[in-house]
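Everything on this sheet refers to the single structure shown next.
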2 protein chains.
Amino acid sequence: MAATRRVGTQTSGTRDLLLDCAERLMVEEGYASVTYRKVAAKAGVTSGLVQYYFPAIDDLFVAGIRRANERNLRQLTEALEARPDDPKRVLWEYSRDEAATSVMLEFMALGNHRKSIRSEIADATNRVREVQLAALTSYWREHGNGEDPSPAAMLFLMTGLPKMIQLEEGFGILAAHEEIVALVERYLDSGAWGTDRGNQPNVKAPTKRPRSRPKG
Amino acid sequence: MAATRRVGTQTSGTRDLLLDCAERLMVEEGYASVTYRKVAAKAGVTSGLVQYYFPAIDDLFVAGIRRANERNLRQLTEALEARPDDPKRVLWEYSRDEAATSVMLEFMALGNHRKSIRSEIADATNRVREVQLAALTSYWREHGNGEDPSPAAMLFLMTGLPKMIQLEEGFGILAAHEEIVALVERYLDSGAWGTDRGNQPNVKAPTKRPRSRPKG
DNA sequence: GTCTATACGGCGATAGAC
DNA sequence: GTCTATCGCCGTATAGAC
């Protein structure tokens, strides 16, 4: 509601500038440093002006989540289209991107007790999930063998495990993360869950995961 | 360091009272409501007195994490001793406890940008993990068949999946949570990962998971 | 050792001046 | 559209009463 509000001209460069500054502050110092006063200082304006565009501080976060999610959706779609032969590997690698996950975890932490942010994250996640599930499902219809986990379960594993691993690693929690990763990658390489073709592990992709997805 | 500080007599009832009030505030309203002034009001003392026992607000959280972790460790040990025939099921059910997980997630959110809290959580988690891994490992030595995931990997799955599920559910993220749960429980019932005995799914435990572990 | 009183700067939010 | 002034709450520091 308030989140949808758009103050100023639609072409307002100021608004985008403020979002850029807020996003950089968030990445560099965490959400606790995203305050009206600090965003204003970074953008070279007064804090009142920031409040003009984002009447409540959560409006700023919600707008940031939306913008970042649009970026992610675009990138995900491209990655899926570029590699239609193995969507589950695409999702696994997509979810293992560190920058994007750390920002998502940051937002989740922030949303833990801020209703408007929490539901914005749910919406964003569900939109991404829709695309992911569609890709897995259509692949499953052609190649699935009826015994393995369903597309929805596969999706949870391919996207949930990397997030859990990164969450724990960020805290310094010891766990068999490398072993889990190796386990999944062996599974992906085996071509399981879609067995009518050999499913070579990599046509051209290296064995290393990407590390450079934009941080939003 | 500052966290180790102990002001007042060791038997100070005031200190424990303050920790109780802080914990209740945390559960009822979230960590954002755990402030010197609110804890003091709840305990019927001045905020200065709270500061006397916990010079920085994070000291209060750290002390709370420690106390809660001791409770959890005690309960986990009892549960493992009561059911030595299937430690992985004990860990699965232990990790599916909602109250304990939600408080842990609360602390993780809090620790996301508070160094002293983050490392206290890591310590607490690793201490619990040590006990869990020891139980799984000794079971694995007697019953394992050498092909399935290692004890450490099994531990990550049995404890990590429930946390991920609860994290997502708390946000309203749609995912195949029920299917994953069913999948794991079918796996547990099958007696896999320790196949020399039939491993009846339940000797006396009901199929429902516990819901009442103390919230720390 | 325990506890109170007070002050300071930073925060989100609001009302209103230009 | 832009910016200022002000409010109440926050964590923290300190001085001192009992």
Side-chain angles (χ1 to χ4, degrees), chain A residues 1-3 5-19 21-22 25-26 28-64 109-118 120, chain B residues 1-22 25-26 29-64 109-118:
Chain A
M1 20 197 67
R5 168 168 177 202
R6 191 172 247 294
V7 188
T9 66
Q10 294 93 317
T11 57
S12 165
T14 307
R15 209 187 113 105
D16 275 336
L17 169 66
L18 295 180
L19 281 179
C21 290
L25 265 173
M26 175 105 155
E28 290 162 9
E29 308 181 29
Y31 65 79
S33 289
V34 180
T35 69
Y36 284 130
R37 291 159 176 88
K38 286 187 185 172
V39 171
K42 196 147 201 154
V45 301
T46 65
S47 69
L49 183 57
V50 183
Q51 268 185 290
Y52 167 68
Y53 283 99
F54 306 99
I57 193 70
D58 284 4
D59 296 338
L60 202 168
F61 286 116
V62 165
L110 178 60
N112 223 32
H113 281 94
R114 315 269 282 263
K115 198 164 181 292
S116 66
I117 290 169
R118 183 165 59 247
E120 191 65 33
Chain B
M1 19 197 69
T4 316
R5 168 168 176 201
R6 189 173 246 295
V7 187
T9 67
Q10 295 93 317
T11 58
S12 165
T14 306
R15 210 187 112 106
D16 275 337
L17 170 66
L18 296 180
L19 281 178
D20 288 340
C21 291
L25 265 173
M26 174 104 153
E29 308 180 29
Y31 65 79
S33 289
V34 180
T35 68
Y36 283 129
R37 290 158 174 88
K38 284 188 185 171
V39 170
K42 195 147 200 154
V45 301
T46 63
S47 70
L49 184 57
V50 183
Q51 253 185 295
Y52 168 67
Y53 284 100
F54 305 99
I57 194 70
D58 283 4
D59 296 338
L60 203 169
F61 286 116
V62 166
L110 179 59
N112 222 35
H113 281 95
R114 316 269 280 263
K115 197 163 181 291
S116 65
I117 291 169
R118 183 166 60 245

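Because the structure is predicted, anything quoted here is derived from the model rather than measured. Chain letters run A, B, ... following the sequence lines, proteins first and then strands; every chain starts at 1.
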Fill in: Minimum-distance nucleotide to Gln51(A) side chain [options: dC11(C), dG1(C), dT14(C)]
dT14(C)

Worksheet item: Which part of the nucleic acid does Leu49(B) contact within heavy-atom distance under 4.0 Å: base, sugar-phosphate only, or nothing?
Response: base

Practice prompt. Please state how far atom CZ in Phe54(A) lies from atom P in dC3(D), giving the value in whole angstrom units.
Written response: 15 Å

Worksheet item: Under 3.5 Å, is there a donor-acceptor pair between the side chain of Asp59(A) and the main chain of Ala56(A)?
Response: yes

Practice prompt. Quickly work out the Glu29(A) CD to dG10(C) P distance and round it to whole Å.
Written response: 15 Å

Worksheet entry | Short side-chain N/O contact from Thr46(B) to OP1 or OP2 of dT4(C), under 4.0 Å | yes

Worksheet item: At under 4.0 Å, does any side-chain N or O of Tyr36(A) touch on OP1 or OP2 of dG10(C)?
Response: no

Worksheet, complete the sentence: Distance col, row Phe54(B):CZ vs Leu49(B):CG, nearest 0.5 angstrom, shows 10.0 Å

Discussion item. Let me confirm one number: the CG-CG distance from Leu19(B) to Leu60(B), rounded to the nearest 0.5 Å.
Written reply: 6.0 Å

Practice prompt. Please report, rounded to the nearest Å, how far the P atom of dT2(C) is from the CG atom of Leu17(B).
Written response: 15 Å

Discussion item. Check the phosphate of dC10(D) against Thr35(B), side-chain N and O only, distance under 4.0 Å to OP1 or OP2. Yes or no?
Written reply: yes

Worksheet item: Going by modelled atom types, is there a donor-acceptor pair between the base of dG8(D) and the side chain of Arg37(B) at under 3.5 Å?
Response: no

Worksheet item: So among Leu17(B), Asp20(B), Leu18(B), Leu25(B), which one has a side-chain contact (heavy atoms from CB on, under 4.5 Å) with Lys42(B)?
Response: Leu25(B)

Worksheet item: Across the strands shown, which category fits Val50(B) at heavy-atom distances under 4.0 angstrom: base, sugar-phosphate, nothing?
Response: nothing

Practice prompt. Kindly say whether Asp16(B) contributes a backbone atom to a donor-acceptor pair with the side chain of Tyr53(B) at under 3.5 angstrom?
Written response: no

Fill in: OP1 or OP2 of dG1(D) under 4.0 Å from side-chain N/O of Tyr53(A)
no

Worksheet item: Tyr52(B) has an atom OH; how far is it from atom P of dT12(D), in whole Å?
Response: 18 Å

Worksheet, complete the sentence: Contacts of Ser47(B) and Val34(A) projected onto DNA chain C by closest heavy atom; the upstream (5') one is Ser47(B)

Worksheet item: Can you tell me how far P of dC9(D) sits from CD1 of Ile57(B), to the nearest Å?
Response: 17 Å

Fill in: Atom-to-atom span, NZ of Lys38(A) to P of dC11(C) - whole angstrom
6 Å

